[in-house]
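Reckoned from all heavy atoms, side chains included, excluding hydrogens, waters and symmetry mates. Quick note on labels: first sequence line is chain A, next is B, and so on, each numbered from 1.
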Amino acid sequence: MLDIRLIREQPDEVRRRLAMRRSGAEAMVDQIAVGDGRRRAIIAEVEQLKSERNAASKQIGARKAKGEAAEDLLAGMKEMSDRIAALDRDLAEIEEAQRALLLSMPNLPHEACPAGAGAEDNPVVHQWGQPPVFAFPARDHVAIGNGLGLYDFEAAAKISGAGFVVFRGAAARLQRVLLGWLLDLHTREHGYTEIAPPYLVREGCMEGTGQLPKFREDMFGLESDGLFLAPTAEVPVTNLHREEILPLEALPIRYAAYTPCFRREAGSAGKLSRGLIRMHQFDKVELVQIVVPESSYHVLEELRRHAEVVLERLELPYRTIELCGGDLGFGAAKCYDLEVWAAGTGAWLEVSSCSNFEAFQARRMGLRFKDASGKNQPCHTLNGSGVALARLVVALLENGQQADGSVRLPPALHAAFGDEFLR
RNA sequence: GGACGGGUGGCAGAGUGGUUGAUUGCGGCGGUCUUGAAAACCGCUUUACCGAGAGGUAACGGGGGUUCGAAUCCCUCCCCGUCCGCCA
């Protein structure tokens with residue numbers, strides 16, 4: 001959510017920055033400005049009336065306390081109260097409309113956000129490692145998994161439908177080992193506190209992090225209970241401190257959490273949704289930071305490194321791209337994606353997205369801190385995948401595949417997995 | 001799921017229709033005293049919105065109602081606790 005004062009005071013700047021998204025969102029600025037003017041006019045009128053009513057009521061109370069008559073003062077009071085009630089209704093209506101508009105308006109991209117319309121315009125800012133070269137035709141993870149009996153998509157379809165998978169044997173163990181390994185890395189070496197949150201969240205949390213109201217159709221919900229399945233641990237974890245005013249000393253807050261993630265992913269098809277690549281349910285370790293505004297861009301770089309280190313330890317070639325204005329997520333001001341090379345699919349797969357939301361989420365969820373001068377102001381929030389498991393496994397399988405059909409795991413996992421190979 | 005009891009300021013806890021945004025205690029901040037500290041004493045200590053300012057408005061879990069006026073009365077929803085039931 002943008003600061004209404006910014007829209008009020010610098011509408012041209014807001015329009016210019018929103019236009020960087022090439023989504024037409026800048027058209028909302030005028031609509032909000034008009035509503036803001038109406039809102040303030042009604043407030044001025046109704047608060048004046050309330051002030052008069054309060055003064056009169058006080059006098060009535062004082063007279064009655066002394067046992068005196070107050071009929072003269074009561075005359076016309078009913079009409080005044082009715083007028084106030086009518087204005088209050090108008091005000092509530094317009095405030096609700098304003099809130100709905102503000103909630104569906106995306107964040108301002110960072111000043112230095114790369115120009116571009118879509119994914120093809122995202123600049124590569126960092127690249128690491130060499131794609132493996134095989135002396136045999138490379139297979140994709142579905143073929144490799146079938147050979148080793150790792151993934152049962154048919155059984156998953158039988159019990160849950162398309163877009164789900166059953167992990168068997170070594171695949172299930174690899175999943176479990178990876179989760180522990182990732183959480184240990186981030187908690188022991190990167191200074192995050194481990195959180196195990198609920199997977200079902202209230203609507204208000206989904207609104208706080210920006211999934212709602214705009215992206216309802218992407219989410220799984222339990223209508224009868226008013227709950228949503230978290231599409232990422234970002235939602236429960238960032239909302240941990242919603243509606244709080246944190247003392248300055250509490251910041252920065254660094255949380256790492258594993259959760260399964262549930263997404264509809266409607267309408268996706270093709271090579272990049274085969275096998276494990278695009279699922280309704282997948283595992284992910286997420287990093288979340290709550291920080292003071294001055295440090296958030298520095299922290300974004302740190303966060304990105306925390307995710308990149310994962311891929312380097314696992315010896316997986318990857319590249320880091322910065323999202324251009326047209327590809328930037330709804331709430332992000334700046335975002336890096338980490339894409340790992342998948343040698344069998346022959347594609348770069350997104351395994352992490354590291355974003356600075358500035359005050360966008362904090363304002364939605366009422367997350368503030370008391371600054372050095374004692375003033376309350378919204379925190380900055382960031383999050384990044386550290387990393388998504390399903391695609392990480394795709395890369396491990398496809399890059400580690402051997403001529404005999406087995407998969408060699410990177411040394412970092414040997415001890416925890418108890419073997420050098422998936423076989 | 002059932003029964004009962006509760007939701008008031010950072011915490012505890014008063015307040016059952018009228019100058020109550022709210023007694024009091026604790027905690028916190030500032031000060032006096034002290035070589036220093038403690039104790040004692042004094043003052044301050046919620047949040048949001050409107051307003052250039054003076055100032056004003058709102059909030060006692062959420063929403064609605066009664067009334068000139070609601071923390072206080074009524075309705076409704078939510079949440080918490082205890083016990084029972086069920087259960088990993």
Does any pair with a residue in residues 278-300 of chain A pass ring-ring contact (aromatic ring centres under 6.0 Å, His included), and if so which ones, sequence neighbours excluded?
->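 As it turns out, the ring-ring contact (aromatic ring centres under 6.0 Å, His included) pairs with a partner in residues 278-300 of chain A, which skip direct neighbours, are His110(A)-Tyr297(A), Phe164(A)-His280(A), Phe220(A)-His280(A).
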
Do any pairs count as a ring-ring contact (aromatic ring centres under 6.0 Å, His included) and have a residue in residues 55-81 of chain A, sequence neighbours left out, and if so which ones?
-> none

Summary of salt bridge (charged side-chain N to carboxylate O under 4.0 Å, His left out) pairs that have at least one residue in residues 94-116 of chain A, sequence neighbours excluded =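 Only Arg16(A)-Glu111(A), Arg17(A)-Glu111(A), Arg39(A)-Glu95(A), Arg99(A)-Glu207(A) qualify under salt bridge (charged side-chain N to carboxylate O under 4.0 Å, His left out).
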
Which pairs pass salt bridge (charged side-chain N to carboxylate O under 4.0 Å, His left out) with one or both residues in residues 412-423 of chain A, sequence neighbours excluded?
-> Arg408(A)-Glu420(A), Asp419(A)-Arg423(A)

Apply side chain to side chain contact (heavy atoms under 4.5 Å, CB included) to [X] and list each qualifying residue two or more places apart in sequence or on a separate chain.
| X | result |
| --- | --- |
| Leu74(A) | Ile60(A) |
| Arg363(A) | Met1(A), Asp3(A), Ala359(A), Pro378(A) |
| Ala157(A) | none |

What stem regions, each of at least 3 consecutive Watson-Crick or G-U pairs below 3.5 Å, can be found for RNA chain B?
->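 Stem list for RNA chain B: B:1-7 with B:78-84, B:10-12 with B:24-26, B:27-32 with B:40-45, B:46-50 with B:55-59, B:61-65 with B:73-77.
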
Closest-nucleotide 5' rank along RNA chain B - winner of Arg89(A) and Arg40(A) |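 On the 5' side of the pair lies Arg40(A).
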
Contact boundaries of RNA chain B with chain A (under 4.0 Å, heavy atoms), 5' to 3'?
-> G18(B) to C79(B)

Side-chain donor-acceptor pairs under 3.5 Å in residues 100-107 of chain A, sequence neighbours left out?
residue   : atom : partner   : partner atom : Å
Ser104(A) : OG   : Ala100(A) : O            : 3.0
Ser104(A) : OG   : Leu101(A) : O            : 3.2
Asn107(A) : ND2  : Gly331(A) : O            : 3.0
Asn107(A) : ND2  : Phe357(A) : O            : 3.2

Heavy atoms from other residues, nucleotides or ligands near CD of Glu52(A) exceed 12 (cutoff 6.0 Å) = yes

Check RNA chain B against residues 362-375 of chain A and give the residues with a non-hydrogen atom under 4.0 Å, in numerical order.
-> Arg368(A), Lys370(A)

Review item, side-chain donor-acceptor pairs of residues 231-241 of chain A, under 3.5 Å, at least two apart:
residue   : atom : partner   : partner atom : Å
Thr232(A) : OG1  : Glu234(A) : N            : 3.0
Thr232(A) : OG1  : Lys284(A) : NZ           : 2.8
Glu234(A) : OE1  : Asn383(A) : ND2          : 3.4
Glu234(A) : OE2  : Gln361(A) : NE2          : 2.9
Glu234(A) : OE2  : Asn383(A) : ND2          : 3.3
Thr238(A) : OG1  : Glu234(A) : O            : 2.6
Asn239(A) : OD1  : Arg242(A) : NE           : 2.8
Asn239(A) : ND2  : Cys205(A) : O            : 3.0
Asn239(A) : ND2  : Val235(A) : O            : 2.8
His241(A) : ND1  : Glu244(A) : OE1          : 3.0
His241(A) : NE2  : Tyr255(A) : OH           : 2.8

